Amino acid sequence: MHVARNNLALLASSGAAKKFLYALRPAVTLRWMCLREDASPPMDLPSLVAGAALPDDVREAVGDLVRSKARTREMGSIAVPRLLLDFVEAELVRAEAALSDALPARRGAARDRAWSLAEDAFLRLVDRREPVG
């Protein structure tokens, strides 16, 4: 999600289509992973799009964008359809909401575990009267 958000910001400042494709791929990957929790997503965008159960209009717009990008220079600027911008934003918002529901418990458990390990190490050190540092 971080990669997608960063590249959306870069798209806004540069207009480079490549930046949007770097945001699109994580969004489609998130959708793909929701459908198949036990498998790794494919690396190539066409296979990823084919397996992500995208709405027809989104899938067609992705294909059009990829074809347009292929005809421009490496950092060429092309208009990204609002439909695709909205799709990426919706997928990121959905994933961020799901993640925020899961993170507080994980952070608390991880923090508690870290403190427990640190306390155990400290007590072992004190018991052995070993110098610190």
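Numbers here are sequence positions counted from 1. Bear in mind that the values here come from a model prediction, so they are computed numbers and not experimental data.
The two atoms that bring L45 and L24 nearest to each other are CD2-CD2, 4.5 Å, heavy atoms only. Closest heavy-atom contact between R67 and E60: NH2-O, 4.4 Å.
L65 CG to L84 CG: the interatomic distance, rounded to the nearest 0.5 Å, is 6.0 Å. Between the CG atom in L48 and the CE atom in M33 there is a gap of 10.5 Å [rounded to 0.5 Å]. The CH2 atom of W32 sits 7.0 Å away from the OG atom of S40 when rounded to the nearest 0.5 Å.
Within the 3.5 Å criterion, the main-chain N or O of A50 finds no donor-acceptor partner in the side chain of R59. R36 contributes no side-chain N or O that, together with a main-chain N or O of A52, makes up a donor-acceptor pair within less than 3.5 Å. With hydrogens and angles ignored, the 3.5 Å screen pairs a side-chain donor or acceptor of R25 with a backbone N or O of M43.
The closest side-chain heavy-atom distance from L54 to F87 is below 4.5 Å. You'll find the side chain of L30 reaches within 4.5 Å of the side chain of R94, heavy atoms only.
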For the pair V88 and V28, evaluate side chain to side chain contact (heavy atoms under 4.5 Å, CB included) and give the outcome as yes or no after the intermediate values.
CA-CA 8 Å; V88 169; V28 176; over 6 Å; no

How far apart are the C-alpha atoms of E89 and L85, what are their side-chain angles, what is the distance that settles it, and do they pass the side chain to side chain contact (heavy atoms under 4.5 Å, CB included) test?
CA-CA 6 Å; E89 183 62 27; L85 290 166; over 6 Å; no

Run K69 and F20 through side chain to side chain contact (heavy atoms under 4.5 Å, CB included) and show every step you take.
CA-CA 10 Å; K69 171 63 181 99; F20 180 74; over 6 Å; no

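Hydrophobic cluster membership differs between L35 and V49, with clusters built from Ile, Leu, Val, Met, Phe, Trp and Tyr side chains linked at under 4.5 angstrom.
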